[in-house]
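Take a look at the structure set out below.
Start at 1 and go down the list; that is how both ligands and their atoms are numbered.
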Amino acid sequence: MFKVNSDYLKLRGSYLFSEIGRRVNEYQAANPDKKIIRLGIGDVTRPLTPTIISALHEAVDMEGREETFKGYAPDLGYAFLRETIAENDYKKRGCDIESDEIFVSDGAKSDSANIQEIFSRDNKIAVCDPVYPVYLDSNVMAGRAGDYDEKEEKWKGVVYMPCTAENGFCPDLPEEIPDIIYICSPNNPTGTAMKKDELQKFVDYANENHSVIIFDAAYEAYISEEGVPHSIYECADAKKCAIEIRSFSKNAGFTGVRLGFSVVPKELKSADGYDLYSLWKRRHGTKFNGAPFIQQKAGEAVYSPQGREEIKGLVSYYMENAKVIREGLKSAGFTVYGGVNAPYIWLKTPDNMSSWDFFDHLLKNAGVVGTPGSGFGPSGEGYFRLTAFGSHENSAEAMGRIADL
Ligand code: MLT
């Protein structure tokens with residue numbers, strides 16, 4: 001008689017963004033004439049750039065040529081892409097990462113959910129609070145989070161690192177030593193970014209305590225300030241304790257194309273002496289058949305001189321929105337964070353309104369969708385996230401509507 005994985009049953013309700021989608025669709029169905037501006041999920045709105053489109057065509061249009069994209073892609077990624085990544089994202093920044101330490105995947109969401117599979121089930125995880133829900137939920141599904149404390153709204157087996165206005169949304173080192181520490185910088189959802197010395201403290205702590213850091217750098221292209229590391233490997237000795245996850249979604253608009261990668265350095269060893277590199281390689285080879293050739297060719301084009309220029313254009317387009325949103329909210333009297341090194345703006349809800357009440361208020365009275373802060377964790381209560389990934393027109397209109405509330 002089969003049974004289900006009871007750890008899944010601990011997660012009630014839907015995934016945060018599915019729940020928001022459901023509520024918005026329900027509201028739109030009831031109000032078909034209302035123009036809703038969606039600044040909820042961090043999904044891009046600009047089209048793929050010409051260089052990417054040409055690379056996609058080129059990869060498909062193989063007529064008269066010997067090479068084709070027939071057959072399985074190498075499970076860890078084509079050498080042409082892994083070498084390009086190693087050179088451009090790492091060596092050029094002084095980070096000594098080899099191409100075979102890069103594992104190409106279908107995106108950072110999958111990698112950040114799957115990476116926990118190579119760790120012992122009794123390992124303790126630490127997450128920022130608020131946090132991108134995938135890190136936590138994937139560990140709940142794996143039975144690593146303990147039971148849910150209804151009163152505290154926290155998982156009993158998890159170390160929470162509150163990120164609040166008081167600590168500038170930069171987590172303090174946890175007192176209880178975790179085995180696995182998730183860090184996302186620039187941060188989703190708060191839109192803030194860790195400075196190099198702040199990240200170095202975590203690297204030193206992890207090395208002292210034999211913890212591993214899973215560093216999500218999906219938003220690194222949005223860094224505009226000096227002193228903010230683009231990669232954790234800019235910190236000394238990070239190769240001994242950190243895995244880095246990256247995405248082509250937010251910089252190059254691949255949310256629907258799907259491409260990302262993880263870096264697992266060969267020298268990263270577990271406390272019992274195993275190298276994570278071999279385990280992740282084994283996991284990848286067993287459960288993943290390689291990102292498609294077509295996508296990987298498009299990924300390579302992102303690093304070409306023309307590709308790079310275009311990607312810069314995309315990032316500055318969205319960061320103009322971030323500015324409009326930040327300034328618009330400030331002049332409407334809101335307290336606002338983020339939006340300088342990241343495409344997310346994190347605002348305090350007015351009049352101590354709960355995050356979900358503000359979600360309903362904004363949807364009904366302004367026709368604007370955002371993401372309730374409490375959906376990212378208990379310390380997100382009383383906050384709200386807007387994304388800068390909309391169009392210029394919609395971002396400006398949303399600010400006008402909010403100012404008129
Ligand atoms: C978000 O809105 O937090 C992100 O778009 C979700 C994701 O990248 O998976």
Inset, instruction - Measure up the Y222 and Y219 rings against each other and bin them: parallel (under 30°), tilted (30 to 60°), perpendicular (over 60°). - result: tilted
Inset, instruction - Fit a plane to each ring of Y78 and F293, take the angle between them on a 0 to 90° scale, and name the class: parallel (under 30°), tilted (30 to 60°) or perpendicular (over 60°). - result: perpendicular
Inset, instruction - Return each pair, listed once, that meets ring pair (Phe, Tyr, Trp, His ring centres under 6.0 Å) where at least one residue sits in residues 112-152; pairs must be two or more places apart or across chains. - result: Y132-Y135, Y135-Y182, Y148-W155
Legend entry - F103 and F288 aromatic centres sub-6.0 Å: no
Legend entry - Test side-chain contact (heavy atoms from CB on, under 4.5 Å) applied to I223 - qualifying residues, sequence neighbours left out: P186, E220, V228, H230, N341
N/O pairs closer than 3.5 Å, ligand 1 and protein:
residue: ligand 1; atom: 2 (O); partner: G42; partner atom: N; Å: 2.6
residue: ligand 1; atom: 2 (O); partner: R385; partner atom: NH2; Å: 2.7
residue: ligand 1; atom: 3 (O); partner: N188; partner atom: ND2; Å: 2.8
residue: ligand 1; atom: 3 (O); partner: R385; partner atom: NH1; Å: 2.9
residue: ligand 1; atom: 5 (O); partner: G42; partner atom: N; Å: 3.3
residue: ligand 1; atom: 5 (O); partner: G42; partner atom: O; Å: 3.3
residue: ligand 1; atom: 5 (O); partner: K250; partner atom: NZ; Å: 3.0
residue: ligand 1; atom: 8 (O); partner: K250; partner atom: NZ; Å: 2.9
residue: ligand 1; atom: 9 (O); partner: Y132; partner atom: OH; Å: 2.5

May I have the list of side-chain donor-acceptor pairs in residues 323-332 shorter than 3.5 Å, sequence neighbours left out?
residue: R326; atom: NH1; partner: G339; partner atom: O; Å: 2.8
residue: S331; atom: OG; partner: E327; partner atom: O; Å: 2.8

